[in-house]
Amino acid sequence: MSLLDRVTQAFTERLGSTPAVVVRAPGRVNLIGEHTDYNDGFVMPMAIDRAVWIALRPRTDAHVHVHSLDFNDSRTFPLDALQHANAGWIEYLKGVAWALQEAGFALQGWEGVLSGDVPAGSGLSSSAALELATARAFATVSNLPWHPARMAKLAQRAENQWVGVNCGIMDQMISAAGQAGHALLIDCRSLETVATPLPAGTAVVILDTGTRRGLVDSAYNERRAQCETAARFFGVPALRDVAVEMFEAQADELDPLAARRARHVITENARTLEAAEVMRQGDADALGRLMNASHTSLRDDFEVSSAALNAMVACAQQEPGCFGARMTGAGFGGCAVALVNAADAETFASRVATAYETATAIKPSVYVSEATAGAQVL
Ligand code: ADP
Ligand code: MG
């Protein structure tokens, strides 16, 4: 059963009518542009065909009542007296309500049923999908104007300040503003976006290594600090402002470790802009080469890959139908992403899964995904 049917049917069983509205917001995978967002740089995510869905109807009071099918758990909260509780899925909804109200929006209560198929915690951003589905639900029942970038920023604020997770803007932007068949080139400084077509005849395959790593937070903070140090050395606000030529001219005066970190960010920004260019030309080979180069840079210069991610990427790159592959997301575990010939996608997926399991003794999850629209009302 599709998730649309699942939430609609569960709504009808629990609330005794058909829902007034169903909303959906997708997870995402980043094709290229990794660890560039917090350097004011460029990213190229696409919205995937896995999403959070909410079937709902307005309430006349200022309360939200939600049942999560995945957690088999019902929760309520009052919009006029929001209070933090222990961490849990409902905190994302409260956080969005809080951020919307802080921005001056008057919110209407609603009741509904929620379910999603973005695997939580695997780096496909189920949290952003949940936030944007919630924002879309509130926008619909409260008659708020839907401005994707504005809503993305408020959802990010909810995650940063209510849930307490220090994430960048990429996940919320793509979940809010994705376009079917396209990735989105996002300028993380201006939040300007350019829908960029996936090359015809290609498919995107997400390869989950099945590994998760702790200590990601401290490594992440360390990388951020190293990038800031490098930006100060170059006398610019962020590494976004350093061109490859400028870097090469001055890199030998920089501490060698900081220089490698900076080289990743600076060349990754250039690769991401070039990716947009070759995508516009429909050049899958060139895009694949840029993805391969991104992986090498993340592995050797930025040092955020892992044995499992390297094994997965190597298995993918060996396959004949593969244009390119790289780790995606923060690193140290989680997923890789590959661009493959669409006709070979299913064969590719099963062959890489087998090769990876043989190499690592870990069973991976593999998803072939289309690029879908961002948060929407069905
Ligand atoms: P991710 O990398 O998937 O974003 P996070 O840890 O940031 O991982 O967010 C995962 C959390 O989001 C879950 O623990 C849960 O609280 C919430 N969440 C994700 N999907 C759902 C869902 N289908 N139903 C309810 N809550 C969800
Ligand atoms: Mg998340």
Side-chain angles (χ1 to χ4, degrees), residues 2-4 6 24-34 43-53 115-130 132-133 170-186 195-210 275 279 282 284 287-288 290-291 294-295 309 312-313 315-317 319 321-330 334-353 356 363-376 378:
S2 73
L3 278 182
L4 172 60
R6 207 166 118 79
R24 162 198 175 273
R28 64 96 184 94
V29 66
N30 191 22
L31 298 183
I32 194 160
E34 213 66 75
V43 295
M44 182 76 82
M46 71 172 215
I48 60 175
D49 56 12
R50 289 171 169 260
V52 168
W53 297 74
S115 182
D117 59 1
V118 188
S122 61
L124 302 178
S125 212
S126 65
S127 58
L130 179 55
L132 270 300
M170 169 169 71
D171 301 355
Q172 287 79 13
M173 268 308 279
I174 183 64
S175 185
Q179 288 192 30
H182 292 70
L184 216 56
L185 175 67
I186 303 173
T196 311
L198 288 172
T202 63
V204 170
V205 185
I206 298 162
L207 306 155
D208 187 342
T209 60
M279 287 169 78
L287 178 58
L290 291 165
M291 291 169 74
S294 169
H295 185 75
L309 281 165
M312 185 69 93
V313 168
C315 291
Q317 288 172 340
E319 285 298 318
C322 181
F323 295 106
R326 56 183 285 276
M327 57 157 276
T328 185
C335 294
V337 62
L339 184 74
V340 307
N341 194 0
D344 299 328
E346 294 301 333
T347 318
F348 170 88
S350 70
R351 284 176 55 96
V352 171
Y356 173 80
K363 206 166 181 60
S365 306
V366 181
Y367 320 101
V368 181
S369 182
E370 316 226 300
T372 67
Q376 62 192 146
L378 273 299

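Positions are given from 1 along the sequence. The figures here come from the full heavy-atom set of this structure, side chains too, leaving out hydrogens, waters and symmetry mates.
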Nearest non-hydrogen partners of [X] and [Y], listed with the distance:
X: Ala275; Y: Met44; value: C-CE, 4.3 Å
X: Leu31; Y: Ala183; value: CD1-CB, 3.8 Å
X: Ala373; Y: Pro26; value: O-CG, 3.4 Å
X: Thr196; Y: Met279; value: CG2-CB, 3.5 Å
X: His295; Y: Met327; value: ND1-N, 3.0 Å
X: Ala316; Y: Val352; value: CA-CG2, 3.8 Å

Output yes when a side-chain donor or acceptor of [X] lies under 3.5 Å from a complementary backbone atom of [Y], and no otherwise.
X: Asn30; Y: Gly33; value: yes
X: Thr328; Y: Val29; value: no
X: Glu34; Y: Gly329; value: yes
X: Ser175; Y: Gln172; value: no
X: Tyr356; Y: Cys315; value: no
X: Gln317; Y: Ala325; value: yes
X: Asp208; Y: Cys335; value: no

Exercise. Cut-off 3.5 Å, side chains only: do Arg326 and Ser294 have a donor facing an acceptor?
Worked result: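 Ser294 and Arg326 do have a side-chain donor-acceptor pair below 3.5 Å.
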
Exercise. Any luck finding a side-chain donor-acceptor pair between Thr372 and Arg50 under 3.5 Å?
Worked result: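 No, Arg50 and Thr372 have no side-chain donor paired with an acceptor closer than 3.5 Å.
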
According to side-chain contact (heavy atoms from CB on, under 4.5 Å), who are the partners of [X], at least two apart in sequence or on a separate chain?
X: Ser2; value: Leu4, Asp5
X: Ser126; value: Val118, Ala120
X: Ala375; value: Ala25, Leu132, Arg136, Trp146

Exercise. Considering only heavy atoms from C-beta outward, does the side chain of Pro119 approach that of Leu124 to under 4.5 Å?
Worked result: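 Counting from C-beta outward, Pro119 and Leu124 do come under 4.5 Å.
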
Problem set entry | Sub-4.5 Å side-chain heavy-atom contact between Val337 and Val205 |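 The answer is no; the side chains never approach within 4.5 Å.
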
Exercise. Can you tell me how far the CD1 atom of Ile32 sits from the CG atom of Leu290, to the nearest 0.5 Å?
Worked result: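 Nearest 0.5 Å value for the CD1-CG distance: 5.0 Å.
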
For this session: Hey, could you give me the CZ/CH2 distance between Arg6 and Trp53, rounded to the nearest 0.5 Å?
Result: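 Between atom CZ of Arg6 and atom CH2 of Trp53 there are 13.0 Å.
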
For this session: With side-chain contact (heavy atoms from CB on, under 4.5 Å) as the test, would you mind laying out the steps for Arg28 and Met46 before giving the verdict?
Result: CA-CA 6 Å; Arg28 64 96 184 94; Met46 71 172 215; over 6 Å; no

Could you tabulate the donor-acceptor pairs under 3.5 Å formed by side-chain atoms of residues 338-347, not counting sequence neighbours?
unit_1 : atom_1 : unit_2 : atom_2 : d
Asn341 : ND2    : Asp344 : OD2    : 3.3

Below 3.5 Å, can you tabulate the donor-acceptor pairs from side chains in residues 363-371 to any protein atom, sequence neighbours excluded?
unit_1 : atom_1 : unit_2 : atom_2 : d
Lys363 : NZ     : Glu357 : OE1    : 3.3
Ser369 : OG     : Asp49  : N      : 3.1
Ser369 : OG     : Asp49  : OD1    : 3.1

Exercise. Among pairs that include at least one residue of residues 117-126, which meet salt bridge (Lys or Arg N to Asp or Glu O under 4.0 Å), considering only residues two or more places apart or in two chains?
Worked result: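 Passing the test, one end in residues 117-126: no pairs.
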
